[in-house]
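Here the structure comes first, spelled out in structure tokens, and everything after it is commentary.
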Amino acid sequence: MEFKEKTVEAATELGLKEMGLTADQAIVTVIDQGGFLKKARVNIEKKPSRADEALAFVRKLADLMAVPCEMEMTEQEAEVLINIKGEHTGPLIGYRGDVLDSVQYLASLILNEEGKGYRRLTLDCENYRAKREEILKNLARKLADKAVRTGRKVRLEPMNPAERRIIHSALQPNEEV
């Protein structure tokens, strides 16, 4: 947004106050220094946050993969959720969520690059995470029944820590397993 005042400092101060920003949160560009009978002009933009940069990364990646989609970001103090919606988002999910997990990891590195604490980033595509969780819970129950019925150990395919946690949580109430 552009702001005009007698001096550059006054225009900057006015702009920051109106936009509700501090000097650290803004990018100030001097358009005109002003002078005799002429006001100084500055342009002030909000600096993109680390979450905005992570979202931009995911958008750019989806564009490079030629996956048409819409993205919505929800920011909370300790967590950022990026939800992807579209008709043909399968390439962004990948086999059993491998691509989605990898993109989430990379976006999380962007979000937490500065080392000023940690914020969890969750990347979801067409509610895939909830659907996968339900599939894993059903699998855990089915294989637990099989293990109890046959009295043998049952092996599962390799899983990432989040999926193993879902399996363990689903089996925790079952005292026979």
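Computed from a predicted model, the values in this text were never measured in an experiment. Hydrogens, waters and symmetry mates are skipped; everything else that's a heavy atom, side chains included, is used.
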To the nearest 0.5 Å, what is the distance between [atom1] ([X]) and [atom2] ([Y])?
X	Y	atom1	atom2	result
T122	D124	OG1	CG	8.0 Å
S108	D101	OG	CG	12.0 Å
D145	T150	CG	OG1	10.5 Å
L81	R120	CG	CZ	10.0 Å

Determine the sole option in E77, E75, E79, Q76 for which the side-chain hydrogen bond (donor to acceptor under 3.5 Å, both in side chains) test with R119 is passed.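 With R119 as partner, E77, E75, E79, Q76 yield a single side-chain hydrogen bond (donor to acceptor under 3.5 Å, both in side chains), made by E75.
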Please determine whether residues L61 and Y105 belong to a single hydrophobic cluster, defined as Ile, Leu, Val, Met, Phe, Trp and Tyr linked transitively by side-chain heavy-atom distances below 4.5 Å.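 Cluster IDs for L61 and Y105 match.
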Are more than 12 heavy atoms from other residues, nucleotides or ligands located less than 6.0 Å from atom [atom1] of [X]?
X	atom1	value
E157	CD	yes
R141	CZ	yes
E13	CD	no
Y118	OH	yes

Closest approach of [X] and [Y], non-hydrogen atoms and distance?
X	Y	answer
P91	M65	O-CE, 3.3 Å
E5	L14	OE2-CD2, 3.8 Å
L171	A144	CD2-CB, 3.5 Å
I44	T12	CD1-O, 3.7 Å
D24	K47	O-NZ, 3.2 Å
M73	D52	CE-OD1, 3.3 Å

Candidate list R129, R132, R96, test salt bridge (charged side-chain N to carboxylate O under 4.0 Å, His left out), partner E163, passing option: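 That would be R132.
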Assess whether side chain to side chain contact (heavy atoms under 4.5 Å, CB included) is satisfied between I166 and K137, documenting all intermediate values. CA-CA 7 Å; I166 293 167; K137 285 180 180 178; 4.0 Å; yes
Output, in order, the C-alpha distance, side-chain angles, deciding distance and verdict of salt bridge (charged side-chain N to carboxylate O under 4.0 Å, His left out) for R50 and E53. CA-CA 5 Å; R50 302 302 302 168; E53 290 178 19; 2.9 Å; yes
Output, in order, the C-alpha distance, side-chain angles, deciding distance and verdict of side chain to side chain contact (heavy atoms under 4.5 Å, CB included) for V67 and I84. CA-CA 11 Å; V67 176; I84 303 170; over 6 Å; no
